[in-house]
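Accompanying notes for the structure given below.
Just so it is clear, the values below take in all heavy atoms, side chains as well, and ignore hydrogens, waters and symmetry mates. Source: prediction; values computed, not measured.
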Amino acid sequence: HIKIIRKAYAKRAKSQGTCCCGGVASVEATALALGYSEKDVEEFSHTDGTNLGESCGNPLSFAQLAQGETVVDLGSGAGFDCLLAGRSVGATGQVIGVDMTPEMIDRARRNVARGSKDVANVSFRLGEIEHLPVADGSVDVFISNCVINLSKDKQQVYQEIFRVLKPGGRIAIADVISTHELPDRLKNATALACWVSGAVDQSTIEAILKQAGFIHIAVELKPQSKEVIKNWMPGSGAENFVVSANIQAQKPTDKQRMTAFLNNYVVEQERKEVEKQEHMNRNASPPEPVSVSAAVPAVANSCGTNKSDECW
């Protein structure tokens with residue numbers, strides 16, 4: 001699985017940067033279709049540039065980055081989103097790109113070296129998104145663009161994100177979500193490298209995020225992305241089975257975690273009390289039955305055989 005991805009991306013890192021299967025007319029057209037500005041696209045789409053045209057969304061459009069924040073880009077590629085994020089967080093902020101392909105890291109570092117001073121706060125690290133080379137609780141925001149779907153262990157990826165985020169930190173991730181069961185023709189190495197066969201459905205992603213500990217989970221499907229997806233594997237119909245999505249969530253603050261703990265504790269205690277009461281009711285002895293003879297006075301006993309009006 002990893003070998004397939006690493007081989008495909010090493011090949012792309014050495015090229016000028018074309019989309020997965022060569023179906024897109026230009027990397028510029030892809031970026032513009034996904035909402036990047038003409039200025040940014042023009043600046044970063046040159047030969048050996050950062051824009052490879054291999055995106056399914058624009059995480060920076062909803063990440064709401066602020067000055068001074070520390071940002072990590074998962075699967076940073078040649079550095080397109082990293083350089084744009086570097087400008088958003090300013091000189092007091094920091095952007096770290098993580099990619100498992102040495103060729104991509106080399107290309108990204110070349111782009112930073114020839115960039116302007118406003119991207120001097122951007123750096124790149126070689127590593128896998130399942131095992132991030134980043135310290136615990138050190139990052140404000142995670143971004144990623146069309147990468148996590150490539151991982152075989154998505155739960156581990158989001159657990160790592162949760163570990164590295166500061167309390168209150170957030171994610172802004174553009175990724176591919178499946179909308180229907182994939183046919184066999186889209187379950188192969190090519191479909192994996194082209195961001196199709198690794199996609200899971202919305203409910204699975206939401207469950208993974210919840211299991212990892214995230215709150216305020218939101219997965220917004222982007223139907224318009226089908227126009228871009230249909231060019232990944234031309235003629236395959238992949239756009240009928242997957243769609244791009246904007247994924248957002250937050251790591252709870254310490255206060256939020258304590259509040260949730262106390263709420264859960266109260267709910268659990270109430271549940272136990274109900275169970276206790278139900279158990280007591282099930283095991284309680286039934287009341288003794290009252291006989292009719294005991295309830296009615298034995299008048300006849302006092303009369304004996306006397307059949308006078310007083311007795312009858």
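Interatomic distance, CG of Leu34 versus CG of Leu60, reported as 12.0 Å (0.5 Å rounding). Expressed to the nearest 0.5 Å, how far CE of Met100 lies from NE2 of His131 amounts to 12.0 Å. Here OG of Ser197 is found 8.5 Å from CG of Leu150. Values are rounded to the nearest 0.5 Å. How far CG of Asp254 is from CD of Gln256: 9.5 Å, rounded to the nearest 0.5 Å. To the nearest 0.5 angstrom, Glu273 atom CD is 11.0 Å from Glu278 atom CD. Taking SG from Cys82 and CZ from Phe124, the interatomic distance works out to 4.5 Å, rounded to the nearest 0.5 Å.
Contact annotation: the side chain of Asn111 never approaches that of Val119 to less than 4.5 Å [non-hydrogen atoms, C-beta and beyond]. Counting heavy atoms from C-beta outward, Asp40 and Arg87 have side chains that approach closer than 4.5 Å. Inter-residue side-chain proximity for Ile247 and Leu209 is flagged as met; some heavy-atom pair is nearer than 4.5 Å. Side-chain contact between Lys222 and Asn246 is present, with at least one heavy-atom pair separated by less than 4.5 Å. Contact of the Val242 side chain with the Leu182 side chain is registered, since non-hydrogen atoms from C-beta on lie closer than 4.5 Å. When side chains are defined from C-beta on, Val89 does not count as touching Gln94, because their heavy atoms never get closer than 4.5 Å. Here the side chains of Gln64 and Gln248 are not in contact, with every heavy-atom distance at 4.5 Å or above.
At least one donor-acceptor pair under 3.5 Å links the side chain of Asp99 to the backbone N or O of Gly77. Thr101 places no side-chain N or O within donor-acceptor distance of the main-chain N or O of Glu103, the cut-off being under 3.5 Å. Side-chain N or O atoms of Ser55 include none that pairs as donor or acceptor with a backbone N or O of Asn145 at under 3.5 Å. Distance alone, capped at 3.5 Å, is enough to place a donor-acceptor pair between the Gln156 side chain and the Glu130 backbone. Of the possible polar contacts, none joining the Ser123 side chain to the Ile96 backbone as a donor-acceptor pair under 3.5 Å is found. No donor-acceptor pair closer than 3.5 Å links the side chain of Lys251 to the backbone N or O of Gly169. A donor-acceptor contact shorter than 3.5 Å is absent between the side chain of Lys166 and the backbone of Asp140. At distances below 3.5 Å, at least one donor-acceptor pair connects side-chain atoms of Arg163 with backbone N or O atoms of Leu132.
Environment of CD in Gln224: crowded, with over 12 heavy atoms of neighbouring residues, nucleotides or ligands closer than 6.0 Å. When the shell of 6.0 Å around CZ of Arg257 is examined, it contains 12 or fewer heavy atoms from other residues, nucleotides or ligands. No more than 12 heavy-atom neighbours from other residues, nucleotides or ligands sit within 6.0 angstrom of NZ on Lys210. Within a 6.0 Å sphere centred on CD of Glu268, heavy atoms belonging to other residues, nucleotides or ligands number more than 12.
Leu165 and Met258 end up in different hydrophobic clusters when Ile, Leu, Val, Met, Phe, Trp and Tyr side chains are linked at under 4.5 Å. Note on Ile215 and Ile171: separate hydrophobic clusters, where clusters join Ile, Leu, Val, Met, Phe, Trp and Tyr whose side-chain heavy atoms are under 4.5 Å apart, directly or indirectly. Hydrophobic clustering of Ile, Leu, Val, Met, Phe, Trp and Tyr side chains at less than 4.5 Å, counting indirect connections, unites Ile229 with Leu32.
Closest heavy-atom contact between Met233 and Val196: SD-CG2, 4.2 Å. Across all their heavy atoms, Ile129 and Ser151 have their closest contact at CD1-CB, 4.1 Å. Residues Val122 and Gly86 share a closest heavy-atom pair of CG2-CA, 3.9 Å. Of all non-hydrogen atoms in Ile143 and Pro59, the two that sit nearest each other are CB-CB, 4.2 Å. When every heavy atom of Ala31 is checked against every heavy atom of Val41, the shortest pair comes out as CB-CG2, 3.6 Å. Closest of all the heavy-atom pairs between Gln250 and Thr253 is NE2-CG2, 4.1 Å.
Among the candidates Lys272, Arg271, His279, the single residue satisfying the side-chain hydrogen bond (donor to acceptor under 3.5 Å, both in side chains) test with Glu275 is Arg271.
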inquiry  = Set out, in order, the CA-CA distance, both residues' side-chain angles and the distance that settles salt bridge (Lys or Arg N to Asp or Glu O under 4.0 Å) for Arg170 and Glu69, then state yes or no.
reply    = CA-CA 11 Å; Arg170 62 195 187 278; Glu69 288 189 314; 3.0 Å; yes
request  = Take Val164 and Ser138, measure what side-chain contact (heavy atoms from CB on, under 4.5 Å) needs, and give me the verdict at the end.
outcome  = CA-CA 6 Å; Val164 174; Ser138 60; 4.0 Å; yes
ask   = Which is it for Trp232 and Thr190 under the side-chain contact (heavy atoms from CB on, under 4.5 Å) test, yes or no, and what are the steps along the way?
value = CA-CA 10 Å; Trp232 291 350; Thr190 298; over 6 Å; no
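Under a 4.0 Å N-O distance rule, the pair Lys187/Glu181 qualifies as a salt bridge.
Remark: Ala212 engages Gln155, Tyr158, Gln159, Phe214 in a side chain to side chain contact (heavy atoms under 4.5 Å, CB included) (not counting sequence neighbours). For Glu206, the side chain to side chain contact (heavy atoms under 4.5 Å, CB included) partners are Gln202, Ile217, Val219, not counting sequence neighbours.
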Review item, side-chain donor-acceptor pairs of residues 172-180, under 3.5 Å, at least two apart:
from, atom 1, to, atom 2, distance (Å)
Asp175, OD1, Asn149, N, 3.3
Asp175, OD1, Asn149, ND2, 2.7
Asp175, OD2, Asn149, N, 3.0
Ser178, OG, Val200, O, 3.4
Ser178, OG, Asp201, N, 3.1
Thr179, OG1, Phe241, O, 3.2
His180, ND1, Asn240, O, 3.3

